[in-house]
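Hydrogens, waters and symmetry mates are skipped; everything else that's a heavy atom, side chains included, is used. For this chain, numbers begin at 1 and follow the sequence in order. Since this is a predicted model, take the numbers as computed values, not measurements.
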Amino acid sequence: MGIHIKNSDEIAKMRTAGRLAADVLEMIAKHVTAGISTNELDTICHTYITEKQQANPSPLNYHGFPKSICTSVNHQICHGIPSDKKLKKGDIINIDITVDKDQYHGDTSQMFCIGKPSVLASRLVQVSRECLYIGIEMVKPGVQLGDIGHAIEQHALKHHFSVVQEYCGHGIGKNFHEEPQILHYGKPGTGITLEEGMTFTIEPMINAGKRHVRLLSDQWTVVTKDHSLSAQWEHTLLVTADGVDILTLRTDEHSPFNIR
Ligand code: MF3
Ligand code: CO
Ligand code: CO
């Protein structure tokens with residue numbers, strides 16, 4: 001129990017797992033187009049992870065989850081189950097990849113727009129990405145989790161969006177989900193203080209309407225109660241001596257801190 005501080009051997013394995021998860025997103029990007037089903041995306045990722053990366057897709061059979069990736073479309077917030085439904089122009093989709101390599105996990109997700117998104121969808125996708133980067137920029141030893149949650153929440157509210165409270169980021173390592181919980185809202189000066197060697201995700205779920213959620217009868221897919229659009233971005237992070245390393249950084253993100 002408690003928060004597990006990673007040693008250098010573990011950090012090396014986390015770096016590998018993180019890079020593999022990022023590689024899957026880079027690989028799948030060109031396939032995310034109108035007419036493909038989320039099941040087809042799942043199959044491509046599953047094959048890539050198991051055959052090319054010689055790794056395991058962490059979601060598969062995790063507490064009974066039936067697929068290898070999560071695909072959450074439009075008003076789906078998270079944990080969407082890939083299906084035969086095809087993507088169509090105007091959809092927005094979160095693809096969430098978690099790879100287990102050598103017993104350590106890397107967890108990352110990003111949004112894709114199919115064709116030209118509506119003005120609202122495109123603002124939501126952009127602002128949710130900024131919420132992630134605002135959180136990441138704050139990560140260093142001595143900072144409290146409440147400070148980070150508060151900053152993320154303020155940015156979403158400033159744009160008249162809301163922050164999902166029922167689901168959160170999480171410590172990650174040998175376990176897919178471990179302590180601490182990383183809330184994307186909060187009160188400055190409260191919560192756990194970050195230390196060098198912690199690894200965790202930040203993964204804000206931002207709704208265009210109200211924050212409230214509903215769980216579908218499949219017992220996995222989380223949707224917005226008011227059916228408004230939702231967007232999410234996620235990275236796995238390492239607290240370093242003086243800041244943060246993004247373990248799941250993609251090559252399209254060379255200077256993530258310059259996006260605003
Ligand atoms: N990858 C998700 C997260 O960011 C968790 C998915 S759990 C699953 O924490 F079972 F739905 F895959
Ligand atoms: Co996660
Ligand atoms: Co994830």
Side-chain angles (χ1 to χ4, degrees), residues 25 28-29 32 34 36-38 41-42 59 65 67 69-83 85-98 107-136 148-170 177 181-186 201-236 248 259:
L25 283 179
I28 202 64
V32 188
I36 197 164
S37 71
T38 47
L41 295 174
D42 178 70
F65 191 79
K67 299 283 177 172
I69 66 173
C70 296
T71 52
S72 304
V73 180
N74 295 335
H75 72 296
Q76 297 180 343
I77 297 170
C78 63
H79 306 165
I81 303 174
S83 74
K85 192 162 172 188
K86 291 177 163 59
L87 296 175
K88 59 180 192 314
K89 278 187 187 157
D91 284 347
I92 60 170
I93 179 174
N94 174 277
I95 300 187
D96 193 338
I97 303 291
T98 314
D107 189 8
T108 184
S109 79
Q110 75 170 103
M111 298 300 299
F112 296 92
C113 299
I114 314 304
K116 191 171 144 52
S118 70
V119 172
L120 176 66
S122 129
R123 278 183 50 233
L124 182 68
V125 166
Q126 176 70 10
V127 169
S128 58
R129 186 176 199 181
E130 290 166 2
C131 284
L132 170 60
Y133 287 140
I134 283 167
I136 294 173
I148 294 176
H150 180 76
I152 291 171
E153 182 181 30
Q154 286 307 111
H155 189 65
L157 296 180
K158 187 171 99 189
H159 291 276
H160 308 285
F161 295 142
S162 65
V163 177
V164 170
Q165 297 194 349
E166 288 80 356
Y167 299 87
C168 57
H170 48 91
H177 296 103
Q181 293 196 2
I182 312 293
L183 304 181
H184 305 109
Y185 61 95
T201 71
I202 299 181
E203 48 182 299
M205 286 144 273
I206 308 298
N207 297 348
K210 295 210 164 48
R211 68 170 180 82
H212 303 97
V213 311
R214 188 165 73 84
L215 184 64
L216 295 190
S217 58
D218 64 21
Q219 297 302 315
W220 281 105
T221 312
V222 182
V223 301
T224 55
K225 206 169 180 180
D226 63 8
H227 229 260
S228 64
L229 289 175
S230 188
Q232 176 180 32
W233 297 75
E234 172 176 28
H235 272 310
T236 296
T248 46
I259 68 154

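- Evaluation of the side chain to side chain contact (heavy atoms under 4.5 Å, CB included) rule for Lys88 yields Asn74, Asp91 as partners, not counting sequence neighbours.
- Note that CD1 of Ile134 and CD1 of Ile148 are 12.0 Å apart. Values are rounded to the nearest 0.5 Å.
- Residues Phe65 and Pro82 come closest through the heavy atom pair CZ-CD, 4.4 Å.
- Residue pairs meeting the salt bridge (charged side-chain N to carboxylate O under 4.0 Å, His left out) criterion with at least one partner in residues 73-82, sequence neighbours excluded, do not occur; the list is empty.
- To the nearest 0.5 Å, atoms CG (Leu120) and CG (Leu229) are separated by 5.5 Å.
- Evaluation of the side-chain hydrogen bond (donor to acceptor under 3.5 Å, both in side chains) rule for Thr71 yields no partner, not counting sequence neighbours.
- Contact between Ser83 and Ser37 at its shortest, heavy atoms only, is O-CB, 3.7 Å.
- Ser122 meets the side chain to side chain contact (heavy atoms under 4.5 Å, CB included) test with Pro117; sequence neighbours excluded.
- Looking at Trp233 and Ile202, their side chains never come closer than 4.5 Å, going by heavy atoms from C-beta outward.
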Enumerate donor-acceptor pairs with a distance under 3.5 Å from any side-chain N or O in residues 156-169 to protein atoms, sequence neighbours excluded.
| residue | atom | partner | partner atom | Å |
| --- | --- | --- | --- | --- |
| Ser162 | OG | Gly209 | O | 2.8 |
| Ser162 | OG | Lys210 | O | 3.4 |
| Ser162 | OG | Arg211 | N | 3.1 |

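- Residues passing the ring-ring contact (aromatic ring centres under 6.0 Å, His included) test with His212, sequence neighbours excluded: none.
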What's the verdict on side chain to side chain contact (heavy atoms under 4.5 Å, CB included) for Ile81 and Leu216, showing C-alpha distance, side-chain angles and the deciding distance? CA-CA 11 Å; Ile81 303 174; Leu216 295 190; over 6 Å; no
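- Ser230 contributes atom OG, which lies 4.0 Å from atom CG of Asn207 (distance to the nearest 0.5 angstrom).
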Between Arg129 and Leu132, does a side chain to side chain contact (heavy atoms under 4.5 Å, CB included) hold up when you go through it step by step? CA-CA 5 Å; Arg129 186 176 199 181; Leu132 170 60; 5.7 Å; no
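- Listed by chain and number, the residues in a side-chain hydrogen bond (donor to acceptor under 3.5 Å, both in side chains) with Thr248 are His235 (sequence neighbours excluded).
- Residues forming a side-chain hydrogen bond (donor to acceptor under 3.5 Å, both in side chains) with Trp220 (at least two apart in sequence, or on another chain): none.
- Residue Glu130 holds its CD atom at 10.5 Å from CZ of Arg123, rounded to the nearest 0.5 Å.
- With sequence neighbours left out, the side-chain hydrogen bond (donor to acceptor under 3.5 Å, both in side chains) criterion links Ser118 to no other residue.
- For Ala34, the side chain to side chain contact (heavy atoms under 4.5 Å, CB included) criterion is met by Lys89, Ile114, not counting sequence neighbours.
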Let me see the working for Gln232 and Cys78 under side chain to side chain contact (heavy atoms under 4.5 Å, CB included), right down to the final yes or no. CA-CA 8 Å; Gln232 176 180 32; Cys78 63; 3.9 Å; yes
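- Counting heavy atoms from C-beta on, the side chains of Leu87 and Leu41 come closer than 4.5 Å.
- Going from atom NE2 of His75 over to atom OG1 of Thr221 covers 9.0 Å, rounded to the nearest 0.5 Å.
- The distance from atom SG of Cys131 to atom CD of Gln154, rounded to the nearest 0.5 Å, is 10.5 Å.
- With sequence neighbours left out, the salt bridge (charged side-chain N to carboxylate O under 4.0 Å, His left out) criterion links Asp96 to no other residue.
- Residue pairs meeting the side chain to side chain donor-acceptor pair (under 3.5 Å) criterion with at least one member in residues 107-116, sequence neighbours excluded: Asn94-Ser109, Thr98-Asp107, Asp107-His170, Gln110-Arg250.
- When all heavy atoms of Glu153 and Gly186 are compared, the closest pair comes out as OE1-N, 3.5 Å.
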